[in-house]
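Since the structure is predicted, the reported quantities are computational estimates derived from the model, not experimental observations.
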Amino acid sequence: MTQSLPTKLRTNVRLLGRVLGDAIRTQDGEAVFRQIEDIRQASVAFHREGTAEASRLMDARLARLSPAETVRFAHSFACFLLITNIAEDQIQRRKGRDGDARPDTLAGALRTLQADGIGLDEVMELLAGALVAPVITAHPSEVRRKSVLDRQAAIANILDAMDDAEDETGDAAVTRPILDRDLLRQVSILWRTRLLRRVKLGVEDEIETSVSYFERSFLTELPRLYEHWLDVLGHPERLPSFLRVGSWVGGDRDGNPNVTQAVMRRAMARQSRAALRLYLDQIHSLGAELSISGEPEAIPPPLLALAEASPDDSPQRADEPYRRALTGIYARLAATYPLLTGEAPPRPPAGPAAPYDGPDALKADLQAVQDALIASYGEAFAQGSLPDLIRGVEIFGFHLARLDLRQNSAVHARVVAELLKGAGVCPDYEALDEDARCDLLLGELAHGRLLHTPFADYSEEARREYDILTAAADLKRRYGRDAIRAHIVSNTQSVSDLLEVYVLLKEVGLYTPAADGEGPAHTQVFAEPLFETIADLRAAPDIMRRYLGLPLIAELVAPVGVQEVMIGYSDSNKDGSYLTSTWELNQASIALADVSREAGVRLQLFHGRGGAVGRGGGSSFEALLAQPPGTIGGRIRVTEQGEVVANKYADPEIARQSLETLAAGTILASLRKPAATEQAAPHAEAMDAMAREAMAAYRALVYERPGFVDYFFAATPISEIADLNIGSRPTSRQAKRTIEGLRAIPWVFSWAQSRAMLPGWYGFGSAVARSGVSIAHLKELQESWPFFSSMTANMEMVLVKGDMAIAARYAGLVEDRALADSVFGDIRAEWDRTTEAVLAITGQSALLDHNPDLAATIRSRLPYIDPLNHLQIELLSRLRRGEDTEAVHDGIHLTINGIAAGLRNTG
């Protein structure tokens, strides 16, 4: 009998846990396994009882462990959580095999829209101008090594094979013992695989990791997804390639001095190598497959021209035009390959050929082959490996993923000031007020004179920025116009912050001023603002109104008709609380959409979301449906960060589901007709009041409480996270110990490790208690407004993953007991208020009562997560007492690794 998915999950978790236990017994002995179980059971008792006696017994057990035993136990519980993830991912794949029955697929979106009276014509009209793009970033919260991910993939494949064996008859009895042996072998390898990196990641490592996801999933799955969509849509004449992929890895230098022009060149070359190798392999396979022969007079002229231009002069293939044409295409692409990658092609061509000058020419040649096949042999050739290859070339070009540039506005201001001073234009640009800055910059952008000279002695910062932009101009020439299109300005606070970028782009030929009688100004790369803090989000509409009102900007944007604006979830949350951040992002989105419409351009929001709820995490599909009406319009980009990248894209099947979910959510959010109750306007007064109170409560604790910084650094493993080899960027923007200077990722990551999960909920309880908004009103919002219900659902998940009893034990690490009692007392009181408020609003007696499957999934992990927290507390205590040994550090890092794996969305 077919098991339900929750039952199947429990079955697989038990199976994998038993196999891991067998591996531990075999390799380390029964005594070690029993010790591990003893600690797990003690942790369960603590979780169940929460008494001082249970805490004392737990402390006593952990204190008796030697450093080596502690490391081994931390490793064991981390492995248990890794295999639990494998079981969950397999369930996710099984759900995906329900196919188009799910609501978060294109077919599901079409059904929903059809019920609203929205037909296929409107969908196709939207897609004609749509862009949906996940953007892979290198932000460091992924703690797993690639070796671990590979082992997880191998174990997942065996579980799939076991499912297939269960569905078959006859061979199942023979197959299962073999699969059981394979499973034990792979789990045994995982048990002995080092979970920690010994060397800090560099940007080159991050480049290799990001490209590995493109190779695993994007390059193959995106074309297949489009082929499936053609079936769903009934084979429209044209389905635009609206779903694409972007990357920040190698182009994001905001706060990362390790990103240089050489690194950026290596990133693009590595991306290109991945795409071109796949194209070459597929062209070679097509050449072997298409053994069609024919007389010259029966061959369509475009194909005949390709065949005759081919270096393949073998008489054996003289009458095989398709093979000869593909041999010629292969030869031209093989000649292109070393120019873009710096390497010889993996398989030599049949002879010399001219390289392609861009992906459009390659696509045109491949299209000529397909057109000839369809014209000669019918629609059977309209789908298959060749159209998938053509789609791939259209999506990925020669660059694979569009690389964004990003830098902080303060850096741009300093570099522009230096250039202006060196050229004798302005002695102190940074001393000017905003109006004077804009006037000066617009004047510079109106003529062709350059500021940079090779004879000046510039600062290292100015040289680095100039070199980066010079490299960007070269990369666009080499890899195509879509290789780089955006220069994102972090910390945008004024119009001049954006104009400075165009002045810098002009220096390297990426911006061209208007010439008398020869057309308007033109840019190849667009300056795009990033509004991050609460204050910046509130100022964003006025800044963009002034910016888009400039005749020069109207001139630059006119050819594309789109202005992208990035909004930051992480820093706005760290600045003012989850509730306030979520509401301010909503309001800013609405206002920015209005400003864009006034200016006659389309708004494209770029959502800077992270994995944790405190950084915009949660269900992507629900988040899209919760966006304010009129703010998407078929165009959206979303960052994919840290461990979320592996969770979504390491497995090709899950990657395809994730990509389709993103597309379906965008289409639904763009076209469905929201009910009046879904509009923000009627609820704005209540939400404004709630947001004010949440921010006041949050800032009173985080920014105004004396000693809070000391509490945070003592009661979380923030310092130890900084030592993890998981990313190339520093954890803080400054050496001084402040919350303001701390990056949002380690801020959220640290609170998740301590199980307080503070950034995902703090302030909500106070907002409900003090805003004057009634529970009855909030219940109405919960039932009728996707924005509000999505927010409470995310908080609910965070609260279930948190644990105040464990957080209290972390507070015990703070030496100043009065400070610890005071700060943790406020955290605990707010936790209670927030939990009570969520339960009252949702009408539940316990958190996640309405979602028992999710509740069971999360709670099934706790017996393995909780012991890691207790081990981590013990090791932090030892470290702070002076036991500064390699074993202690390794143990702490293993617990961080395991807790992150168990909670899944922590960074």
- request: Just say parallel, tilted or perpendicular for the rings of Phe606 and Trp248, cut-offs at 30° and 60°.
  value: perpendicular
- prompt: Between Arg332 and Asp365, does a salt bridge (Lys or Arg N to Asp or Glu O under 4.0 Å) hold up when you go through it step by step?
  reply: CA-CA 10 Å; Arg332 291 195 65 186; Asp365 283 354; 3.7 Å; yes
- prompt: Should Asp388 and Arg224 be marked as a salt bridge (Lys or Arg N to Asp or Glu O under 4.0 Å) after you check the CA-CA gap, both sets of side-chain angles, and the distance that decides it?
  reply: CA-CA 7 Å; Asp388 281 356; Arg224 290 173 186 164; 5.4 Å; no
- prompt: Does the pair Ile395 and Leu219 meet the rule for a side chain to side chain contact (heavy atoms under 4.5 Å, CB included), with working shown?
  reply: CA-CA 9 Å; Ile395 297 168; Leu219 279 166; over 6 Å; no
field: Exercise: identify the closest heavy-atom pair between Ala154 and Gln186
entry: CB-OE1, 3.6 Å
message: If only side-chain N and O atoms count, and only distance matters, is there a donor-acceptor pair under 3.5 Å linking Lys648 with Ser217?
response: no
task: Find the distance between NZ (Lys476) and CG (Asp482) and round it off to the nearest 0.5 Å.
output: 7.0 Å
query: Would a distance-only check, ignoring hydrogens and angles, find a side-chain to backbone donor-acceptor pair under 3.5 Å from Glu528 to Glu564?
result: no
Arg111 CZ: over 12 foreign heavy atoms closer than 6.0 Å: yes
task: Evaluate the side-chain proximity of Ile136 to Gln641: yes if any heavy-atom separation is below 4.5 Å, no if none is.
output: no
Criterion salt bridge (Lys or Arg N to Asp or Glu O under 4.0 Å) on Glu215 and Arg270, from CA distance to verdict: CA-CA 11 Å; Glu215 291 174 321; Arg270 180 64 182 90; 3.2 Å; yes
- prompt: Checking Tyr279 side chain against Gly397 main chain: does a donor-acceptor pair fall under 3.5 Å?
  reply: yes
Donor on one side chain, acceptor on other, Asn85 and Gln152, under 3.5 Å: no
Side-chain H-bond candidate by donor/acceptor type, Arg481 with Gln524, under 3.5 Å: no
field: Any donor-acceptor N/O pair, Asp312 side chain to Ser314 backbone, under 3.5 Å
entry: yes
field: Interatomic spacing from CZ in Arg253 to CE in Met264 - rounded to 0.5 Å
entry: 7.5 Å
- request: Find the distance between CG (Leu113) and CG (Leu668) and round it off to the nearest 0.5 Å.
  value: 5.0 Å
field: Arg602 side-chain N/O to Gly129 backbone N/O, donor-acceptor pair under 3.5 Å
entry: yes
- prompt: If only atom types and distance count, is the side chain of Arg656 paired as donor or acceptor with the main-chain N or O of Glu221 below 3.5 Å?
  reply: no
message: I want to check something: taking the side chain as every heavy atom from C-beta on, are Val601 and Val562 in contact at a cut-off of under 4.5 Å?
response: no
Aromatic ring proximity, centroids under 6.0 angstrom, Tyr649 and Phe218: yes
field: Pairwise side-chain contact, Leu625 with Ser790, heavy-atom cut-off 4.5 Å (strictly under)
entry: no
task: Taking the side chain as every heavy atom from C-beta outward, state whether Gln657 and Arg102 have any pair of such atoms under 4.5 Å apart.
output: yes
query: Does a donor on one side chain and an acceptor on the other come within less than 3.5 Å for His607 and Tyr569?
result: yes
field: Distance-only polar pair, side chains of Ser241 and Arg391, donor-acceptor under 3.5 Å
entry: yes
message: Could you walk me through whether Asp160 and Gln90 satisfy the side chain to side chain contact (heavy atoms under 4.5 Å, CB included) test, starting with their C-alpha distance in whole Å, then the side-chain angles of each, then the deciding distance to 0.1 Å, before giving a yes or no?
response: CA-CA 7 Å; Asp160 282 343; Gln90 195 209 22; 3.5 Å; yes
- prompt: How many angstroms lie between atom CD of Glu227 and atom CG of Leu222, to the nearest 0.5 angstrom?
  reply: 13.0 Å
- line: What one should report as the nearest heavy-atom pair of Val203 and Val249 is O-CG1, 4.5 Å
message: I want to check something: taking the side chain as every heavy atom from C-beta on, are Tyr226 and Leu239 in contact at a cut-off of under 4.5 Å?
response: yes
message: Run the salt bridge (Lys or Arg N to Asp or Glu O under 4.0 Å) test on Asp474 and Arg265 for me, step by step, so that the C-alpha distance in whole Å, both residues' side-chain angles and the decisive distance to 0.1 Å come before the verdict.
response: CA-CA 9 Å; Asp474 180 54; Arg265 289 181 185 276; 2.7 Å; yes
message: Regarding Asp371 and Gln367, do their side chains bring together a donor and an acceptor under 3.5 Å, going by distance alone?
response: yes
- prompt: Is there a donor-acceptor pair under 3.5 Å between the side chain of Thr112 and the backbone N or O of Gly108?
  reply: yes
- request: Identify the heavy atoms of Ala382 and Pro387 that sit nearest to each other, and give their distance.
  value: O-CG, 3.5 Å
- request: Sort out for me which residue in Gln316, Arg323, Arg324 forms a side chain to side chain donor-acceptor pair (under 3.5 Å) with Glu320.
  value: Arg323
task: Starting from the C-alpha separation in whole Å, work towards a yes-or-no answer on side-chain hydrogen bond (donor to acceptor under 3.5 Å, both in side chains) for Thr341 and Glu343.
output: CA-CA 5 Å; Thr341 69; Glu343 302 175 359; 4.7 Å; no
task: Evaluate the criterion side chain to side chain contact (heavy atoms under 4.5 Å, CB included) for residue pair Phe214 and Ser247; output intermediate values, then yes/no.
output: CA-CA 10 Å; Phe214 298 140; Ser247 177; 4.3 Å; yes
field: Nearest-0.5 Å distance, NE2 of residue His228 to CG of residue Leu233
entry: 9.0 Å
message: Check whether Tyr330 reaches the backbone of Asp281 with its side chain - one donor and one acceptor, N or O, closer than 3.5 Å.
response: no
field: Enclosure of Glu125 CD (heavy-atom neighbours >12, cutoff 6.0 Å)
entry: no
- prompt: So, are Glu206 and Arg266 salt-bridged, with charged N and O less than 4.0 Å apart?
  reply: no
field: Ser670 vs Thr666, side chain to side chain contact (heavy atoms under 4.5 Å, CB included): CA-CA, chis, key distance, verdict
entry: CA-CA 6 Å; Ser670 300; Thr666 301; 4.1 Å; yes
Distance-only side-chain donor-acceptor flag, Arg277 / Tyr337, under 3.5 Å: yes
- prompt: Given side chains that start at C-beta, do those of Val259 and Asp252 come closer than 4.5 Å, heavy atoms only?
  reply: no
message: Using a 3.5 Å distance criterion without hydrogens, assess whether the side chain of Asp651 forms a donor-acceptor pair with backbone atoms of Glu653.
response: yes
task: Look at the rings of Tyr356 and Phe398 and say which category their plane angle falls in: under 30° parallel, 30 to 60° tilted, over 60° perpendicular.
output: tilted
message: Test your reading of the model: is there a side-chain donor-acceptor pair from Ser272 to the backbone of Met268, 3.5 Å cut-off?
response: no
query: Taking everything shown except Gln114 itself, do over 12 heavy atoms lie less than 6.0 Å from its CD?
result: no
- request: Please confirm whether the backbone N or O of Ile207 pairs with a side-chain atom of Ser210, one donor and one acceptor, at under 3.5 Å?
  value: yes
query: About how many Å separate CZ of Arg637 and CD of Gln604, when rounded to the nearest 0.5 Å?
result: 6.5 Å
- prompt: Taking the side chain as C-beta and beyond, is there a heavy-atom pair between Ile86 and Asp89 under 4.5 Å?
  reply: no
query: Heavy atoms, side chains only, cut-off 4.5 Å: are Leu530 and Arg406 in contact?
result: yes
